[in-house]
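For the single chain, residues carry numbers from 1 onward in sequence order. As the structure lists them, so they are numbered: ligands from 1, and atoms in each ligand from 1.
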Amino acid sequence: MPRHVFVPVFYRQTPNAQPAVDETSPDEWLEGVYSNQLLVVSPDVKSSSTIPSLMATMLEALAPVDGDRALEIGTGTGYNAALLCHRLGDSNVVSIDIAADLVNAARERLALLGYRPTLGIGDGTDGWVGGALYDRIIATCAPNRIPQTWIDQTRTGGRIVSPIATGIAVIDFDDNRQGTGHFLPGGAFFMPLRPAPRPADLGSQLADITSANATARSVELDESVWFDDAFRFIQALELPGLRFLTTLPDTGVTIFTHPDGSWARIEKGTVAQAGPQRLWDIVEAAYGQWDELGRPGRDKFRLDINPHVQQVRLDGTDATWQLPAVP
Ligand SMILES: C[S@@+](CC[C@H](N)C(=O)[O-])C[C@H]1O[C@@H](n2cnc3c(N)ncnc32)[C@H](O)[C@@H]1O
């Protein structure tokens, strides 16, 4: 599938993940488009073209068969929708995105290649009832839990593949719409399902954080543990929405913020914390628990879904984590 048709421009990212909005040179553009990389495709970083190998892994896990109807949440560039059309035929594919401009651009690009799936503009949290029921639902933006609408719109025996807590969940549904799922081994850092909960005003919160006189203690764990890929999974289960920020390069200050307004500031081996939750206490405790559990990777976890609860559990143990109440 030609990716360049779907990614006419991408934006370079700085180390702080800020967008570089200058258009790339033709050579760099083609090289980037045909590399196994995530490409940011909107200057406000609200959409990206997923890493091709991750898209392939997710589609393999989706395992659609001839005649299946599929819904994609997060049309973005339209590339993944084109792959679904190639496999299932246009009439069996519905793809939706919250951003009208992306959907309109994707429609034109798909048509250039002769694909005319049903495209919708709307909040993916609601699924797309017009095309239901689906045999397969694939999400390329990350909810905190599987929205009930997706479950309601999935046929008995159907499958949902979705990012959850930095992993990819593969969930099968039985006659009673109970879901049983597992996680793929690799990490998957998708953009959240919008509108994601955000701190009301990160700018003023940051000013508070850098000047605040919060209670401080010595850190027991270096903040670099946050980047341990396998640990990121448990940490995302414990603290969905946790964000990492460095203030300025070389200041040695690391800041974590949470949508509920909690923050932690780590500087020279000391952590200051404030807000409804003590973020770094939770991260350190989660790290201790993960260590005791033998540092399991994502593929050791299971996901159970019923109308009342969505729960991740570590296979062969009593350790469980409830997914948040709101998608
Ligand atoms: C990683 S991109 C999707 C990549 C896409 N599948 C492709 O092949 O290019 C994530 C997309 O999810 C969309 N999105 C975010 N929140 C959404 C929501 N609530 N409903 C529908 N789409 C959403 C974003 O606009 C963005 O285009």
Side-chain angles (χ1 to χ4, degrees), residues 1-11 13 17 19 32-59 61-62 64 70-87 93-110 112-113 115 117-131 134 136-150 153 160-164 166 168 187-198 240-241 259 326-327:
M1 186 65 64
R3 197 182 185 203
H4 70 270
V5 175
F6 295 94
V7 186
V9 62
F10 66 84
Y11 299 86
Q13 287 178 276
V33 164
Y34 286 102
S35 66
N36 191 32
Q37 281 176 37
L38 173 144
L39 299 172
V40 172
V41 296
S42 60
D44 53 8
V45 203
K46 284 192 171 157
S47 190
S48 60
S49 175
T50 309
I51 305 168
S53 60
L54 178 54
M55 275 191 264
T57 302
M58 289 174 73
L59 287 170
L62 194 69
L71 169 67
E72 179 190 31
I73 313 289
T75 311
T77 66
Y79 183 77
N80 204 40
L83 293 169
L84 287 168
C85 290
H86 174 74
R87 177 66 186 84
V93 177
V94 178
S95 178
I96 65 167
D97 202 292
I98 200 164
D101 54 338
L102 295 178
V103 174
N104 292 332
R107 182 177 288 113
E108 284 176 22
R109 295 169 192 153
L110 284 157
L112 279 177
L113 296 177
Y115 295 122
T118 301
L119 296 181
I121 299 162
D123 184 349
T125 315
D126 302 329
W128 193 259
V129 75
Y134 304 101
R136 300 285 186 265
I137 296 183
I138 182 168
T140 55
C141 44
N144 288 318
R145 72 189 272 117
I146 302 296
Q148 187 58 41
T149 50
W150 300 4
Q153 292 171 22
I160 295 178
V161 173
S162 174
I164 288 279
T166 80
I168 297 292
F189 298 90
F190 277 88
M191 53 185 57
L193 194 74
R194 284 191 268 144
R198 298 176 76 88
V326 180

So which atom in [X] and which in [Y] form the shortest heavy-atom distance, rounded to 0.1 Å?
X	Y	result
Pro143	Ile164	O-CD1, 3.7 Å
Gly124	Ile96	CA-CD1, 3.7 Å
Glu72	Ser95	OE1-OG, 2.7 Å
Gln153	Leu71	OE1-CD2, 4.2 Å
Thr75	Ala106	CG2-CB, 3.8 Å
Pro8	Val5	CD-O, 4.1 Å

For this session: Indicate yes or no: at least one non-hydrogen side-chain atom of Ile168 is less than 4.5 angstrom from one of Phe190.
Result: yes
Exercise. Is any side-chain heavy atom of Arg136 closer than 4.5 Å to a side-chain heavy atom of Leu84?
Worked result: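 SC-SC contact between Arg136 and Leu84 ruled out.
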Exercise. Out of Thr50, Leu102, Val41, Leu110, which residue meets the side chain to side chain contact (heavy atoms under 4.5 Å, CB included) rule with Thr77?
Worked result: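 For Thr77, the side chain to side chain contact (heavy atoms under 4.5 Å, CB included) check succeeds only for Val41.
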For this session: Using a 4.0 Å heavy-atom cut-off, say whether Leu102 meets ligand 1 through its side chain, its backbone, both or neither.
Result: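 Answer for Leu102: side chain.
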Exercise. Should the proximity of Lys46 to ligand 1, defined as any heavy atom under 4.0 Å, be assigned to the side chain, the backbone, both, or neither?
Worked result: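 The part of Lys46 near ligand 1 is the backbone, not the side chain.
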With only distance considered, is [X] within less than 3.5 Å of ligand 1 through an N or O on each side?
X	result
Thr50	no
Ile96	no
Met191	no
Ile73	no
Thr125	no
Ser49	no

Separation between [atom1] of [X] and [atom2] of [Y], rounded to the nearest 0.5 Å:
X	Y	atom1	atom2	value
Leu193	Asn144	CG	CG	8.5 Å
Leu38	Ser53	CG	OG	10.5 Å
Leu113	Glu108	CG	CD	12.5 Å
Ser47	Asp97	OG	CG	6.0 Å

Starting from [atom], locate the nearest protein heavy atom and write down its residue, its atom name and how far away it is, to 0.1 Å.
atom	answer
atom 10 (C) of ligand 1	Thr140 O, 3.3 Å
atom 8 (O) of ligand 1	Asn80 N, 3.1 Å
atom 2 (S) of ligand 1	Ser48 O, 3.2 Å
atom 20 (N) of ligand 1	Gly124 N, 2.7 Å
atom 9 (O) of ligand 1	Thr77 OG1, 2.6 Å
atom 22 (N) of ligand 1	Ile98 N, 3.2 Å

If you count the atoms of ligand 1 from 1 in the order shown, which ones are under 4.0 Å from a heavy atom of [X]?
X	result
Leu193	16 (N), 18 (C), 19 (N)
Tyr79	8 (O)
Asp123	18 (C), 19 (N), 20 (N)
Gly122	20 (N), 21 (C)
Glu72	6 (N)

Winner among [options] once heavy atoms are compared against [atom]:
atom	options	answer
atom 17 (C) of ligand 1	Met55, Arg3, Arg194, Met58	Arg194
atom 14 (N) of ligand 1	Pro163, Ala99, Cys141, Ala100	Cys141
atom 25 (O) of ligand 1	Leu84, Leu54, Asp97	Asp97

Exercise. Is a side-chain N or O of Arg109 found less than 3.5 angstrom from the main chain of Val7, in a donor-acceptor match?
Worked result: no
Exercise. What do you reckon, does Thr75 put a non-hydrogen atom under 4.0 Å from ligand 1?
Worked result: yes
